[in-house]
Amino acid sequence: MTKRRRKYFHGTFKHQPGRGMPPITLNVSPARRAVLGFGIGLLLPSLARGDALTDGRFYQEVAAILRATRPAATIIPDSNPQQIRVDQFTFFLGNLYTRVEGLDPTARRKTIESYLARALVDPQGEPDRGSPGFADAKPRLRIQLAPKPAVAHAGTLAQRPFSDLLAVTYVLDEAERYQYVTLAMLDSWKTDAASIERQAIANLEAASKETAISLVVADGTPVLAMVMTGDGYDAARLLLPGFLAEIRHALKAEALTVAAPTRDLLMAWPPDSRARVTLAADVRKQMKQGPYSRSDELFHVDQAGLRPLTIRERADHDR
């Protein structure tokens, strides 16, 4: 594999051969090792942008155009201004926002209308008429983690509790949207949620084989792993046993503390890390900042599986 280097916060990211995925290593120089004592904010891409995408103005613009061009569509309220939920679909607005930035009003509206027209068409090219058959759905199934309040009102969704703050849901993945799996779909497919979950996990595991793991290395020792691909499933990778085993291998640790503070960030570190209190604080900070907040809960993963931290383990990360 060709190595690729680029400067990033006084360190160097470089691709290296891995076990089916390209690890990315950030070697923290002696002058910057103190960053582990002051949080990981400097190591993460800036997610908080004071623009029309993050403050909700772009959401309102898209929603207004949608109401004018497709009045029968139901826009479901969502606390996240960077996505819009239409009927059973969820659309991410970040790519569309980038596409229309700088366009004059007429071109901007036409671009948004064209996007919505494509987005509300099924993969076979016909206007969406409901749930697909299972043969079409099976390879597109993905596991997903959602905040419980976000899905509490959606009693028709196939879901199960995962933790105090999160629920497991299932989605059908497409390029610029995904569709939540509903109980009605399960009935039409003549299957159950447990079978769907197994398939959804297997599909995301397969899709994650080339997913990069970003490692922070100090004094030659990996001390933190982050997954932040932006594909919408980084938090959901908390549910993938094979992927978590890859992270344990990358960090050279039998056990890890893991967290999914936002949809697009998975964090992991050895439980005995000297930076564990700072990292737990960073989890809380990332969740509050968002976007796509998930949970500040901490989990323990080892060969036996995944579980929440015990009260004693959590206290050891919070003192």
Side-chain angles (χ1 to χ4, degrees), residues 5-16 18-19 21-47 208 211-231 233-240 242-290 292-302 306 308-309 313-314 316-319:
R5 296 174 181 265
R6 63 183 175 92
K7 285 294 184 182
Y8 193 75
F9 298 118
H10 299 273
T12 302
F13 275 123
K14 59 181 179 179
H15 286 288
Q16 297 175 339
R19 298 169 62 200
M21 63 182 69
I24 301 173
T25 303
L26 175 61
N27 293 296
V28 182
S29 66
R32 299 299 295 173
R33 279 179 201 137
V35 74
L36 294 176
F38 294 96
I40 64 167
L42 290 177
L43 305 180
L44 291 172
S46 176
L47 297 177
S208 301
T211 295
I213 298 172
S214 302
L215 297 180
V216 178
V217 175
D219 296 323
T221 302
V223 294
L224 170 67
M226 295 180 289
V227 182
M228 40 188 176
T229 68
D231 68 355
Y233 296 102
D234 290 331
R237 290 183 170 94
L238 186 66
L239 301 167
L240 306 183
F243 190 78
L244 293 179
E246 294 286 357
I247 297 179
R248 288 195 293 117
H249 175 80
L251 284 173
K252 303 177 183 178
E254 292 298 319
L256 297 174
T257 298
V258 291
T262 71
R263 188 199 69 187
D264 296 326
L265 175 61
L266 181 66
M267 297 169 57
W269 61 88
D272 59 353
S273 168
R274 288 181 296 175
R276 61 188 180 277
V277 174
T278 299
L279 293 170
D282 276 314
V283 169
R284 293 190 292 272
K285 179 180 178 181
Q286 294 300 322
M287 178 192 172
K288 289 178 182 177
Q289 288 182 339
Y292 307 117
S293 295
R294 287 300 183 259
S295 170
D296 61 359
E297 297 165 300
L298 302 180
F299 302 89
H300 177 93
V301 62
D302 56 22
L306 180 74
L309 293 195
E313 289 168 338
R314 181 74 208 212
D316 190 46
H317 280 73
D318 290 340
R319 59 184 176 177

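In what follows, residues are counted from 1 in the order of the sequence shown. What's counted below: heavy atoms across the whole structure, side chains too, no hydrogens, waters or symmetry copies.
Judged purely by atom type and a 3.5 angstrom limit, D302 has no side-chain atom pairing as donor or acceptor with the backbone of E254. When atom types are taken as modelled, the side chain of T262 and the backbone of G290 share no donor-acceptor pair closer than 3.5 angstrom.
Between H317 and P271, the shortest heavy-atom contact is CE1-O, 3.9 Å. Between V227 and A212 the shortest heavy-atom distance is CG1-O, 4.0 Å. Here the shortest heavy-atom pairing between A255 and H300 reads CB-CE1, 3.5 Å. Here the closest non-hydrogen pair linking L256 and A253 is CD2-CB, 3.8 Å. Between L251 and P222, the shortest heavy-atom contact is CD2-CB, 3.8 Å. V283 and A259 make their closest contact through CG2-CB, 3.7 Å (heavy atoms, listed as atom of the first residue, atom of the second, distance).
With values rounded to the nearest 0.5 angstrom, R263 atom CZ is found 8.5 Å from D231 atom CG. Rounded to the nearest 0.5 angstrom, I247 CD1 and R237 CZ are separated by 9.5 Å. Considering CG of L224 and CE of M267, their distance stands at 5.5 Å, rounded to 0.5 Å. Going from atom CG of L265 over to atom CZ of R294 covers 12.0 Å, rounded to the nearest 0.5 Å. How far CH2 of W269 is from CG of D282: 8.5 Å, rounded to the nearest 0.5 Å. Atom CZ of R284 is separated from atom CG of D296 by 7.0 Å, given to the nearest 0.5 angstrom.
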Discussion item. Apply side chain to side chain contact (heavy atoms under 4.5 Å, CB included) to residues L238 and V258 and explain how you reach the verdict.
Written reply: CA-CA 8 Å; L238 186 66; V258 291; 3.3 Å; yes
Item to complete: In sequence, state the C-alpha distance, the side-chain angles, and the governing distance for F243 and L266, and then conclude on side chain to side chain contact (heavy atoms under 4.5 Å, CB included).
Response: CA-CA 11 Å; F243 190 78; L266 181 66; 4.2 Å; yes
Fill in: Pair M226-V216, side chain to side chain contact (heavy atoms under 4.5 Å, CB included): steps then yes or no
CA-CA 8 Å; M226 295 180 289; V216 178; 4.1 Å; yes
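With sequence neighbours left out, the side chain to side chain donor-acceptor pair (under 3.5 Å) criterion links D316 to R276, R319.
Identified under the salt bridge (Lys or Arg N to Asp or Glu O under 4.0 Å) test for residues 264-275, with sequence neighbours left out: none.
Contact of the S214 side chain with the M228 side chain is registered, since non-hydrogen atoms from C-beta on lie closer than 4.5 Å.
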